[in-house]
Enquirer: 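The structure follows.
Just so we're clear, the structure is a prediction, and the values are computed from it rather than from any experiment. Quick note: numbers below take in every heavy atom, side chains included, and nothing from hydrogens, waters or symmetry partners.
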Amino acid sequence: MTLNRRTFNKNALLFLMGSSLPPILQGCRTNNIPTAPPRNLLPTVTETVNQAIAKLSPDTELLIPTFLGNDYRRFYGRGIPQGLNLLDKFALGTGRTRVGTSWRTWSGAGWTGQPTLTRDQGKVYLTIGAYDHSLRKIDIATNEVLWRYQFDDVLKGSSSLYIDEKAPEENRIVILQGSRLGIQNSSASPGPLPSFRAISFRTGKELWKLDIRQTASYSRDNDSSALDLGNGILFNAGENGIGYFLNSATAAATLKSGILQPEILGEVQLYEAQDSPRQGGNLVTESSPARLGNHIFVASGSGHIYGINLETKKIVWDFFTGSDIDGSVAISKENKLFCAIERQYIPGKGGVFKLDPNQPEENAVQWFFPTGNRNFSGWEGGIVGSVSLNDEYNPNGDFPALFATSAIDGYLYIGSQTQITGQKVKGPWLEKDYETPVILFKTNIGGSISTPIFTEGNKLIAAGYNGVYLFELHFEESPGQQVNAVPNQRGEFYEVNVKQSGHFLPGISFEATPIVWDGIVRICARDGWMYSLG
């Protein structure tokens, strides 16, 4: 649940003004209401309202509370970045982790590695998990670390925050954070592997741990960012291929297998029995769930994009790709799913699917955009990051609806959400032909697993293994016959011109996804630092 101070104050003001008026005024019909309350009433009403708001108004806003900002995974912050000049940097440190049978030393933060932002009691705080095994709460005005909580392994996924209405004041804001399984563990370890935890935002103290139990998946990590579904329910996807419905009340946690664990309200298995022969133990769910109405949509590394009914807590929709999927589903304002798929276990290409979840799975594809095959750092092509949408930065639909994605083939792509070329392309299994979208801009930024982000001011930030880039998007009205012209929601056509206006730290590896707040870009790198740019 997101508490917005402005909305709370407005509603509180209306309620309190109504409750402060004498009954004779509250009960009047419209044509009998005087133009103003009696003069001697005004100071009483004003004083009552101000006193009540001072006592009741929570100075808490979950500004960017989860990976890609909101339930739709399409909000990236506020403000217009004016450049990529270095303003500040923060040391994230270094940690060890085990990959297979070998030890690795990793620095900074990687995929997904996006910070979260919260305003609490008059200050704005950033939370970030890093490769030094630490989750930190940082005052962004001073870079002061308020607390530091130590996990058993490196942290890759982004935090999620929510309000526990039933908790004591000091524990009302809860951070949900996953990690790798623990440097002392293997996936076959018999004891509980608590790689998903709840931490008090205000105190930094642990509230509970969840055992990511052993399954047919070879992983017991937790990279996914959980969702607060409201009504006392959370949803988290573990890399063991299990989706967990959890009681959001931290007081409901009980001792189980020697650790305090949350109440599990339900589970869904995010793989099928027939996936194991095709992919072995790679049945990992690393993506973050997105919500559309009464359904959750989550992409699984088992090769499925699942739709889960929130009432029944059961899978009711299953779009099969057969490829590994790491990117999170992004949901557009027109209620379509934008799904990035990697190129693994498939004969064709990875890329982006636009799906209509209101259609049966066999009719759900509205278009498919294939990206180039390329062997790069163990990947074979497709997209590891997620798809970015400009919907939150185009609220009235004045400009065309766009998507952006960075691919393993080295290119950043910007395209139309709605306009297709009229040509057909082969799908991942080379069996079906699909429509394909108009691509408005393509440029080589080097291989990337980061998700690019749109910002206010029609700008876009993209990062990868060759630094951070800033692009400016310019929209010019067009009669519609131009190759690069696409419509807005009213059918008015615009040409979209994109210009690169900044490049920070060429040659440095950025796997994480950035955020923007007050026009300042914050992004973590693999060199051990988190950078503030503007």
Side-chain angles (χ1 to χ4, degrees), residues 278-279 286-287 297 299-305 319-332 336-357 359 361-389 400-452 460 462 464-465 483-484 486 496 498:
R278 185 183 69 255
Q279 298 185 200
E286 297 178 81
S287 70
F297 291 93
S300 172
S302 61
H304 302 259
I305 299 164
F319 181 83
F320 179 72
T321 71
S323 65
D324 189 12
I325 311 175
D326 301 307
S328 301
V329 174
I331 303 177
S332 69
K336 301 301 187 294
L337 314 182
F338 288 76
C339 310
I341 66 169
E342 193 183 325
R343 199 250 172 173
Q344 192 175 7
Y345 311 118
I346 55 175
K349 294 181 177 181
V352 179
F353 272 114
K354 179 186 177 183
L355 306 176
D356 184 350
Q359 296 295 322
E361 296 89 335
E362 62 272 16
N363 299 326
V365 177
Q366 294 207 329
W367 52 250
F368 175 62
F369 170 61
T371 60
N373 291 342
R374 179 194 182 194
N375 291 321
F376 177 76
S377 192
W379 292 291
E380 300 175 12
I383 299 166
V384 175
S386 303
V387 179
S388 174
L389 306 175
L402 304 179
F403 76 92
T405 194
S406 300
I408 293 298
D409 65 12
Y411 288 95
L412 165 71
Y413 299 92
I414 301 176
S416 170
Q417 292 184 26
T418 58
Q419 196 81 345
I420 56 176
T421 64
Q423 301 176 337
K424 298 291 183 75
V425 295
K426 291 289 184 184
W429 284 93
L430 304 177
E431 295 174 349
K432 292 185 178 180
D433 294 329
Y434 297 115
E435 302 285 356
T436 196
V438 172
I439 298 300
L440 302 165
F441 179 75
K442 169 184 175 182
T443 189
N444 195 322
I445 63 170
S448 175
I449 63 174
S450 172
T451 299
L460 181 138
Y465 291 104
V483 174
N484 208 32
V486 288
V496 183
V498 183

Enquirer: Which pairs would a plain distance check flag for residues 409-416, meaning a side-chain donor or acceptor within less than 3.5 Å of a matching protein atom at least two apart in sequence or in another chain?
Expert:
unit_1	atom_1	unit_2	atom_2	d
Asp409	OD1	Tyr411	N	3.0
Asp409	OD2	Gly372	N	2.9
Asp409	OD2	Tyr413	OH	2.6
Ser416	OG	Thr418	N	3.1
Ser416	OG	Gln419	N	2.8

Enquirer: Atom CD1 in Ile325, atom CD1 in Ile383: separation rounded to 0.5 Å?
Expert: 11.5 Å

Enquirer: Indicate yes or no for a side-chain donor-acceptor contact from Gln366 to the backbone of Leu355 under 3.5 Å, with no hydrogens or angles considered.
Expert: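 Here the side-chain-to-backbone pair does not exist.
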
Enquirer: Would Lys354 and Leu337 satisfy side chain to side chain contact (heavy atoms under 4.5 Å, CB included), going step by step from the backbone distance to the final call?
Expert: CA-CA 6 Å; Lys354 179 186 177 183; Leu337 314 182; over 6 Å; no

Enquirer: Starting at CZ of Phe368, measure out to CD1 of Ile341 and round the result to the nearest 0.5 Å.
Expert: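 Answer rounded to 0.5 Å: 4.5 Å.
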
Enquirer: First locate atom CZ of Phe319, then atom CD of Glu362, and finally report the distance between them rounded to the nearest 0.5 Å.
Expert: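 The CZ atom of Phe319 sits 10.5 Å away from the CD atom of Glu362.
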
Enquirer: Roughly how far, to the nearest 0.5 Å, is the OG atom of Ser332 from the CG atom of Leu402?
Expert: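 Leu402 atom CG to Ser332 atom OG measures 12.0 Å (nearest 0.5 Å).
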
Enquirer: Run the ring-centre check on Tyr345 versus Trp429 and record whether the distance is less than 6.0 Å.
Expert: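 They do not qualify: ring centres at least 6.0 Å apart.
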
Enquirer: Closer than 3.5 angstrom, by distance alone: can the side chain of Gln279 be matched with the main-chain N or O of Gly301 as a donor-acceptor pair?
Expert: yes

Enquirer: State, yes or no, whether a side-chain contact exists between Glu380 and Arg374 at a heavy-atom distance under 4.5 Å.
Expert: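 Answer no - side chains too far apart.
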
Enquirer: Please step through side chain to side chain contact (heavy atoms under 4.5 Å, CB included) for the pair Leu440 and Phe403, ending with a clear verdict.
Expert: CA-CA 10 Å; Leu440 302 165; Phe403 76 92; over 6 Å; no

Enquirer: Okay, side chain of Arg343, backbone of Trp379: is any donor-acceptor separation there less than 3.5 Å?
Expert: no

Enquirer: Closest approach of Thr371 and Lys349, non-hydrogen atoms and distance?
Expert: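 That would be O-CD, 3.3 Å.
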
Enquirer: Write out all pairs satisfying side chain to side chain donor-acceptor pair (under 3.5 Å) with one or both partners inside residues 436-451, taking only residues at least two apart or from two chains.
Expert: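 Applying side chain to side chain donor-acceptor pair (under 3.5 Å) to every pair that reaches into residues 436-451, excluding sequence neighbours, yields nothing.
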
Enquirer: Distance check, rounded to the nearest 0.5 Å: Tyr465 atom OH versus Ile445 atom CD1?
Expert: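 Answer for the OH-CD1 pair, Tyr465 versus Ile445, is 11.5 Å.
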
Enquirer: Out of Phe369, Tyr434, Trp367, which residue meets the ring pair (Phe, Tyr, Trp, His ring centres under 6.0 Å) rule with Phe353?
Expert: Tyr434

Enquirer: After noting the C-alpha distance and the side-chain angles of Ile449 and Ile408, does the key distance pass the side chain to side chain contact (heavy atoms under 4.5 Å, CB included) rule?
Expert: CA-CA 7 Å; Ile449 63 174; Ile408 293 298; 3.8 Å; yes

Enquirer: Any sub-3.5 Å donor-acceptor pair from Ser328's side-chain atoms to Ser386's backbone N or O?
Expert: no

Enquirer: Distance check, rounded to the nearest 0.5 Å: Ile346 atom CD1 versus Ser323 atom OG?
Expert: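 Between Ile346 CD1 and Ser323 OG, I get 5.0 Å after rounding to 0.5 Å.
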
Enquirer: Check the pair Glu361, Phe320 against side chain to side chain contact (heavy atoms under 4.5 Å, CB included), reporting the backbone distance first and the verdict last.
Expert: CA-CA 8 Å; Glu361 296 89 335; Phe320 179 72; over 6 Å; no

